[in-house]
Amino acid sequence: MKILVINAGSSSLKYQLFEMDGTQVLCSGIVERIGLENGIITHKTFDAEGNATKTKKELPIPNHNVGLTEVVGLLTDADNGVIQNTDDIQAVGHRVVHGGEFFSETMVITEEVEAKIKECFQLAPLHNPANLQGIEDCKAIFTKATQVAVFDTAFHQTMPGKAFRYAVPTELYEKHGVRVYGMHGTSHKYVSKAAIDHLGLAGKDSKIITVHLGNGCSMSAVRNGECIDTSMGFSPLDGLMMGTRSGDIDPAVVFYLMDKLNMKSEEVYDLLNKKSGMLGVTGDSDMRDIEDRFAAGDEVAILATHMYTYRIKKYIGAYMAALNGADAICFTAGVGENDHGIRHYSSIELEGLGIELDAEKNKNLRASDIEEISTPSSKVKVLIVPTNEELEIAQQTLAVLN
Ligand SMILES: Nc1ncnc2c1ncn2[C@@H]1O[C@H](COP(=O)(O)OP(=O)(O)O)[C@@H](O)[C@H]1O
Ligand SMILES: CC(=O)OP(=O)(O)O
Ligand SMILES: [Mg+2]
């Protein structure tokens, strides 16, 4: 069975096509810079041995619909395509960031499901509208396929009330859904499961801390495979410092900006979502640029790196308290898998908590699979666990179809 996975972000669209009789990847790719002048599509096809052939295309991609049409062109291309026509796809699995309290599991998409995704627009304005657009487009293109939604928030629905409630009047929760939801759940689930298997803890009491560091960043405390706490909150703005998002901030700052600087609520929202985080402090949002500046001794980049990693350390401490210890801390996603400097400053000087990083291993290991980067005597293992949200979505899509 061929399952296409679509991960529509605010300015990008990632995709993978799986032959799910096993879990063979037929092709994968990313459409970037949607809405800007110079869009980029990077497309990879794989042969049966997993060898990749890469093609790159630069063109304006004004919206997700144009992006998806380009992807369909690549999938069905007469010379290099991986399917003959769009009817070959039996299911499309969509990443949907916010499912509110409506969804704790993967759903076949119906009109009712779409209406609920729409109700969550305000909770994730950068993500949910793009996710729904992707669903609409795929319904029109892949007319024979079952459309399935996999929610970022679903994995976090196991959190207890003491973790997901805010200390605001109860009515705001009961009538307006004001609570912690958490995001990146598909990644936290995949990574914690992979770590549990790697450590031989399946079926045993296990305590895992997952650290997802991409453009958006979040951490989760996972007890026996279930999420008990997470750092993103009502929306993807909360918690860790990110590429362009502030993460945790005193809400009084919002009112100060509105009252003293006459900013409108949407301007403050934009400032905290798109102009803050690493970008706000350094002028750069891509960790590779900040890493280069750090290496050159740039004081601003050094400060920002310590701000970013100090907050990760504080969450490690908090989640070790929530879990009463930890078997492993798992770094994942673009930054977590690739940036040894960020991993270093996030996990050194934590010997008091039983965490001993092996600095050489951390620096030298390239993770294409799970790698241990703690010392043999470290009570808490430190791992690099490459995430695979698309595979997790494909597996969950297959499971609901069966
Ligand atoms: N080799 C690398 N070293 C440091 N950072 C990297 C490297 N490769 C990617 N990144 C970082 O990963 C981020 C993107 O991660 P990713 O998980 O793809 O994010 P998202 O899914 O949120 O778009 C980029 O912003 C970049 O800073
Ligand atoms: C929820 C979220 O922040 O997603 P991303 O990291 O893809 O922006
Ligand atoms: Mg991501």
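Because the structure is a prediction, the values reported are computed rather than measured. Every number for a ligand or one of its atoms is a count from 1 in the order of the listing.
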Assess the side chains of [X] and [Y]: does a donor N or O sit below 3.5 Å from an acceptor N or O?
X    : Y    : result
Q16  : S28  : no
S346 : T309 : no
R33  : N38  : yes

Are [Y] and [X] an aromatic pair, judged by ring center distance below 6.0 Å?
X    : Y    : result
F102 : F151 : no
Y181 : H156 : no
Y345 : F294 : yes

Proximity winner for [atom], if only heavy atoms of [options] are counted:
atom                    : options                : result
atom 5 (N) of ligand 1  : R288, M278, H212       : R288
atom 26 (C) of ligand 1 : D286, D339, N215       : D286
atom 10 (N) of ligand 1 : A333, G341, G334       : G334
atom 13 (C) of ligand 1 : G216, G214, P236, C217 : G214

Q | Six-ring centre of Y173, R179 cation under 6.0 angstrom, axis tolerance 45° | A |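 No, R179 does not lie over the aromatic ring of Y173.
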Q) If you count the atoms of ligand 2 from 1 in the order shown, which ones are under 4.0 Å from a heavy atom of R245? A)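 Matching atoms, with element in brackets: 2 (C), 3 (O), 8 (O).
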Q. For ligand 2, which atoms, with element, lie under 4.0 Å from some heavy atom of M183?
A.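 Going through ligand 2 atom by atom, the ones under 4.0 Å from M183 are 1 (C).
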Could you tell me whether some N/O pair between [X] and ligand 2 is separated by less than 3.5 angstrom?
X    : answer
H184 : yes
G216 : yes
D152 : no

Specify the protein heavy atom at minimum distance from [atom]: its residue, its atom name, and the distance to 0.1 Å.
atom                    : result
atom 4 (O) of ligand 2  : R95 NH2, 3.1 Å
atom 1 (N) of ligand 1  : N338 CB, 3.4 Å
atom 21 (O) of ligand 1 : K14 NZ, 2.8 Å

[X] side chain vs [Y] backbone, donor-acceptor pair below 3.5 Å:
X    : Y    : result
R311 : G239 : yes
N364 : E360 : yes
T375 : S378 : yes

Q: Please could you name the atoms of ligand 1 that V335 approaches to less than 4.0 Å, counting only its heavy atoms?
A: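 Selected atoms, number and element: 11 (C), 12 (O).
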Q | Atoms of ligand 1 close to E291 [distance to a heavy atom under 4.0 angstrom, numbered from 1] | A |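 Numbered from 1, ligand 1 contributes 3 (N), 4 (C).
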Q.
For H98 and F234, take the angle between the two ring planes, folded into 0 to 90°, and tell me which bin it lands in: parallel under 30, tilted 30 to 60, perpendicular over 60.
A.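 Plane angle over 60°, so perpendicular.
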Q) For M287 and ligand 1, does the shortest N/O to N/O distance drop below 3.5 Å? A)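 N/O-N/O distance under 3.5 Å: yes.
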Q. Does ligand 1 have any atom sitting under 4.0 Å from a heavy atom of G243?
A.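 Distance cut 4.0 Å: G243 fails for ligand 1.
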Q. Is there a heavy atom of M232 sitting under 4.0 angstrom from any atom of ligand 2?
A.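 Under 4.0 Å: yes for M232.
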